[in-house]
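In what follows, a single structure is set out as structure tokens and then discussed.
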Amino acid sequence: MKNLPEEINRPTQKKDILLTLVGVISFVLIVNFLCGRYLKLSSRELGYRLIMDKWEMLKHLEKPVDWLILGDSSGNQALVPDLLNRALGVSSLNLCTVGDLTLMNDFWMLRYYMERFGAPKGVLLVHSLDLWQRRLDEGATAIIPLPWGFWSRGESQIHWNEAELGTIFLQKYVPLFSSHKRLTQKMLSPRSSLERPILIEKDGFMRERMADPAAAVQDKESMLKQLGEGGGDISRINETTLDTLNRLAEENGFNIFLAHGPLIDELWQEASFRLYFKKLKARLEQMAESKHGLHLILEKPIFFPKEMMQSADHVIEDAAKIYTRRVVRELKNYLSRRGNQGT
């Protein structure tokens with residue numbers, strides 16, 4: 001019988017192991033990068049898109065504007081820059097993102113703008129009532145397209161613990177691990193990614209025309225529960241950041257105006273909500289008394305019927321126009337009293 005050829009086993013060299021490790025690591029890094037790009041380009045999640053798109057809008061802003069509109073997603077759909085511009089004779093940009101970033105994101109955006117263009121002529125903050133008791137969310141912070149550690153630069157530094165830093169790192173740089181469920185869902189159900197696109201205008205306003213009354217009523221119940229748990233308190237991070245924003249305004253000679261975001265009118269019918277708002281209003285007024293750069297311009301939120309709402313605090317375009325005109329009227333009253341037309 002003819003002898004079969006024998007396999008010659010060559011001793012494994014350190015060089016071979018190193019090349020294998022480099023190959024595997026390179027493959028994982030490439031796949032991780034491609035996953036991150038895919039999620040960035042294909043995501044239809046409102047929170048992710050608002051944070052990413054509004055920050056990119058700010059980063060690529062070519063020339064200064066007179067007014068910055070900052071805040072959460074209620075302001076994103078409620079404040080129409082074009083109406084404000086025509087009424088006050090100014091230019092403005094709506095950079096409202098999400099409530100999970102608290103007032104801290106307002107400060108980060110304002111600081112970034114001022115480092116490029118100097119102080120704006122005015123800042124309008126639009127926030128839903130449920131923002132005031134929130135803490136800064138590390139997952140939302142990780143979406144902000146700025147270099148690692150931007151939260152610990154200058155004043156109002158954020159000191160995350162090790163677990164929170166780990167979450168930010170994974171969310172920011174390892175989407176293959178942190179977003180594996182989203183990736184799997186998109187791969188298994190590609191048609192689910194073909195839902196209604198998120199369309200943000202060049203001035204930052206997100207135009208919405210379709211109301212969802214049932215969702216708005218359901219969301220109202222969730223908001224009532226959330227507000228009841230907060231009891232009218234203001235979180236530490238919102239309180240300290242409000243101080244920082246006021247100091248920036250006073251030192252640089254501009255005004256910051258704070259407006260409550262729009263709400264579904266059924267909330268005002270709830271005694272628990274009215275009690276919550278009474279406590280919050282008193283707290284905000286007390287804080288604003290000693291802040292010469294900060295001004296509250298609405299006595300209470302502007303309410304709309306469920307037929308003009310997508311959620312308890314997100315309005316459609318028709319309501320946004322009404323809301324903006326009301327806010328503009330309050331701004332003009334203040335500016336006229338001060339002999340300043342905001343230009």
Side-chain angles (χ1 to χ4, degrees), residues 44-51 69-80 94 96-103 105 125-137 139-140 195-196 198 205-235 238 258-284 296-327 330:
R44 300 287 174 85
E45 297 176 10
L46 179 60
Y48 180 92
R49 285 256 60 94
L50 286 183
I51 298 171
I69 304 162
L70 306 173
D72 56 37
S73 55
S74 66
N76 170 65
Q77 291 179 215
L79 208 296
V80 187
N94 186 328
C96 295
T97 56
V98 298
D100 281 343
L101 288 174
T102 67
L103 290 179
N105 188 63
L125 305 183
V126 182
H127 282 292
S128 183
L129 289 187
D130 67 347
L131 164 113
W132 294 102
Q133 60 200 39
R134 294 195 196 186
R135 58 174 291 275
L136 180 61
D137 182 77
E195 58 193 68
R196 180 172 55 86
I198 296 170
F205 174 61
M206 195 173 89
R207 195 181 310 274
E208 291 287 352
R209 294 188 172 93
M210 297 294 294
D212 192 339
V217 172
Q218 184 177 5
D219 189 46
K220 177 205 71 174
E221 298 299 328
S222 298
M223 182 177 285
L224 280 171
K225 181 179 179 182
Q226 183 180 354
L227 294 179
E229 293 171 352
D233 292 333
I234 297 177
S235 65
N238 281 324
L258 174 60
H260 303 299
L263 291 171
I264 185 171
D265 57 6
E266 294 181 13
L267 278 170
W268 195 249
Q269 300 170 15
E270 303 287 341
S272 60
F273 175 83
R274 294 196 300 271
L275 178 61
Y276 167 86
F277 179 71
K278 181 179 179 181
K279 292 179 180 178
L280 177 64
K281 182 174 181 287
R283 185 77 179 93
L284 287 173
L296 309 180
I297 60 170
L298 292 178
E299 283 294 315
K300 68 177 184 179
I302 302 173
F303 295 98
F304 294 93
K306 61 185 178 183
E307 291 78 14
M308 302 181 82
M309 308 293 294
Q310 288 188 328
S311 69
D313 56 2
H314 288 182
V315 296
I316 61 173
E317 183 181 8
D318 288 344
K321 293 177 180 177
I322 297 171
Y323 175 85
T324 302
R325 291 190 181 102
R326 174 70 183 279
V327 169
E330 297 293 329

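Quantities reported herein were computed from a predicted structural model and do not represent experimental measurements. Residues take their numbers from the sequence shown, with the count starting at 1. Note that these values count all heavy atoms, side chains included, but never hydrogens, waters or copies made by symmetry.
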key: Closest non-hydrogen atom pair, Leu129 against Tyr276   = O-OH, 3.0 Å

request  = Please report the C-alpha distance between Lys225 and Glu221 in whole Å, then the side-chain angles of each, then the deciding distance to 0.1 Å, and finally whether the salt bridge (Lys or Arg N to Asp or Glu O under 4.0 Å) criterion is met.
outcome  = CA-CA 6 Å; Lys225 181 179 179 182; Glu221 298 299 328; over 6 Å; no

query = Do Asp137 and Leu101 come close enough that some side-chain heavy atom pair is under 4.5 Å?
reply = no

query = Quick one: OG1 on Thr97 to OH on Tyr48, what's the gap to the nearest 0.5 Å?
reply = 14.5 Å

key: Distance, nearest 0.5 Å, that separates CG of Asp212 from CE of Met210   = 8.5 Å

key: Heavy-atom closest pair, residues Ala140 and Ile51   = O-CD1, 3.8 Å

key: Within-4.5 Å side-chain heavy-atom neighbours: Asn94 and Leu70   = no

key: Donor-acceptor side-chain pairing of Asp313 and Ser128 below 3.5 angstrom   = yes

request  = Sequence neighbours left out, what passes ring-ring contact (aromatic ring centres under 6.0 Å, His included) with His314? Give chain and number order.
outcome  = none

request  = Could you verify whether a donor N or O on one side chain and an acceptor N or O on the other, from Ser235 and Asn238, lie under 3.5 Å apart?
outcome  = yes

task = Walk me through it: do Asn105 and Val98 pass the test side-chain contact (heavy atoms from CB on, under 4.5 Å)?
result = CA-CA 9 Å; Asn105 188 63; Val98 298; over 6 Å; no

inquiry  = For Phe304 and Asp265: C-alpha separation, side-chain torsions, deciding distance, then whether side-chain contact (heavy atoms from CB on, under 4.5 Å) applies.
reply    = CA-CA 5 Å; Phe304 294 93; Asp265 57 6; over 6 Å; no

query = Do Glu270 and Leu224 have side-chain heavy atoms sitting under 4.5 Å apart?
reply = yes

Shortest non-hydrogen separation from Asn76 to Phe205 and the atoms involved = O-CD1, 3.5 Å

ask   = Does any non-hydrogen side-chain atom of His127 lie less than 4.5 Å from one of Leu103?
value = yes

message = As a quick check of understanding, evaluate side-chain contact (heavy atoms from CB on, under 4.5 Å) for Arg209 and Ile316, giving each step before the final call.
response = CA-CA 5 Å; Arg209 294 188 172 93; Ile316 61 173; 5.8 Å; no

Straight-line distance of Asp130 CG to Asp219 CG, nearest 0.5 Å = 8.5 Å

ask   = Given side chains that start at C-beta, do those of Lys300 and Trp268 come closer than 4.5 Å, heavy atoms only?
value = yes

query = What residues, two or more places apart in sequence or in another chain, satisfy side chain to side chain contact (heavy atoms under 4.5 Å, CB included) together with Lys306?
reply = Pro213, Val217, Ile264, Glu266

key: Any Ile322 side-chain heavy atom under 4.5 Å of Met308 side chain   = yes

request  = Answer whether the closest heavy-atom distance between the side chains of Thr102 and Arg135 falls below 4.5 Å.
outcome  = no

inquiry  = Minimum heavy-atom separation for Pro301 and Gly261, please, with both atom names.
reply    = CB-O, 3.8 Å

task = State whether a side-chain donor-acceptor pair under 3.5 Å links Gln310 with Gln77.
result = yes

inquiry  = Students often mix this up, so state it plainly: with edges at 30° and 60°, are the rings of Phe277 and Phe273 parallel, tilted or perpendicular?
reply    = parallel

ask   = Are any non-hydrogen side-chain atoms of Leu284 and His260 less than 4.5 angstrom apart?
value = yes

note = Separation between CZ (Arg283) and NZ (Lys281), nearest 0.5 Å, reads 14.5 Å

Side-chain donor or acceptor of Thr324 paired with backbone N/O of Ala78 under 3.5 Å = yes

ask   = Under 6.0 Å from the CD atom of Gln218, do we count more than 12 heavy atoms belonging to anything else shown?
value = no

request  = Taking all heavy atoms of Tyr323 and all of Ala259, pick out the closest pair and write down the distance.
outcome  = OH-CB, 3.8 Å

ask   = Quick one: CG on Leu125 to CG on Asp72, what's the gap to the nearest 0.5 Å?
value = 10.0 Å

ask   = Atom CD in Gln133, atom CG in Asp233: separation rounded to 0.5 Å?
value = 8.0 Å

